[in-house]
Amino acid sequence: MGCSWSALFEATILKAMPVPPNASRAASAPLKLGVNIDHVATLRQARYRGDQGGEPDPVGAALCCEAAGAHGITAHLREDRRHIQDRDVLELRRRIRTRLNLEMANTPAMVRFALKLKPDIICLVPERRQELTTEGGLDAAGQVTALRRTTRQMKDAEIEVSLFIVPDREQVEAAAQIGANFIELHTGPYAHAFARKKERQVELNRLVTAARLAHRLGVRVNAGHGLNVQNVSLLHGVPHLVELNIGHSIVSRAILIGLGPAVQEMLGAMAGYSG
Ligand code: PXP
């Protein structure tokens, strides 16, 4: 099932929506939004685990995000297949028109899968079965050899590589050593500290320092985890960001205001970023 109502949606609901203050700048905003649609699949699996179909459909959701202006779609194919299924990513690859970012663990099975799928980019993340969502960053510094091998394989297949890491010097330097195209800075600790001014400033400073270092070392910078329309505002102070990957808050807002408007609301909050 695709977003069969997307044309109607664009023609009616989006046009009727109040335009966020910065929305006119969103189209040319240098900061891109990748929407993580795992959470749509989480809802489907809660009811239809083991079935081939079921709703809501993450591919339809991805098409709606694109129609609302998202610059890319992110999906995490976890080893335990708790939300996104193989068939979802195969359909995403076939149907989306922006960029597909496949989040995955660095395992031989996932590497083989990615080389066949050919996403535009992979983001290597740590995976623990017990965790609710990706909880820590990848220990890039502790796995340089293995990550370098995967990075080389992906680059040979013209797939870009991003490493999801905490904003620490040794991890950023390892990412450069590995040859990753991107790092994705883990914004979870910043988001967690957001209500406490002093702590959040410490976390923000870590992000700024890591982004500067990555830029100096020639690694491009994405960020994500725990971001919402409130806390994304202070990320305007973090330099060199290319893309934010955001899932939970957008899907949560979608329940109240609809998926397209939730994507547009986030684009409005990100607009005006000057790098
Ligand atoms: N980036 C990475 C690497 C993630 O693992 C996740 C969570 O799936 C996200 C971004 C999005 O986080 P959230 O759902 O909290 O916006």
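First listed ligand is number 1; within each ligand, the first listed atom is number 1.
Below 30°, between 30° and 60°, or above 60°: for H186 and H225 the angle between ring planes is between 30° and 60°, a tilted geometry.
The atoms of ligand 1 that sit less than 4.0 Å from any heavy atom of N245 are 10 (C), 11 (C). Close contacts of ligand 1 with I246, meaning ligand atoms under 4.0 Å from a residue heavy atom, involve 16 (O). Interface atoms of ligand 1 facing V125, defined by a heavy-atom separation under 4.0 Å, are 3 (C).
Remark: the E127 side chain and the H76 side chain contain an N/O donor-acceptor pair separated by less than 3.5 Å. A donor-acceptor pair shorter than 3.5 Å can be found between the side chains of T98 and E66. Of the N and O atoms on the side chains of N36 and T74, not one donor lies less than 3.5 Å from an acceptor on the other residue. With 3.5 Å as the limit, one finds no donor-acceptor pair spanning the side chains of Q143 and N106.
Residue H76 places no heavy atom under 4.0 Å from ligand 1. Residue G226 places a heavy atom under 4.0 Å from ligand 1.
At least one donor-acceptor pair closer than 3.5 Å links the side chain of Q171 to the backbone N or O of A140.
Within the set H225, H83, H248, the minimum heavy-atom distance to atom 6 (C) of ligand 1 is found for H225. Heavy-atom proximity to atom 10 (C) of ligand 1, evaluated over H186, E184, R78, is greatest for E184.
Distance check: C123 SG to I183 CD1 gives 10.5 Å after rounding to the nearest 0.5 Å.
Considering backbone and side-chain atoms together, H39 places an N or O closer than 3.5 Å to an N or O of ligand 1. For a threshold of 3.5 Å applied to N or O pairs, the pair formed by G247 and ligand 1 contains at least one separation below that value.
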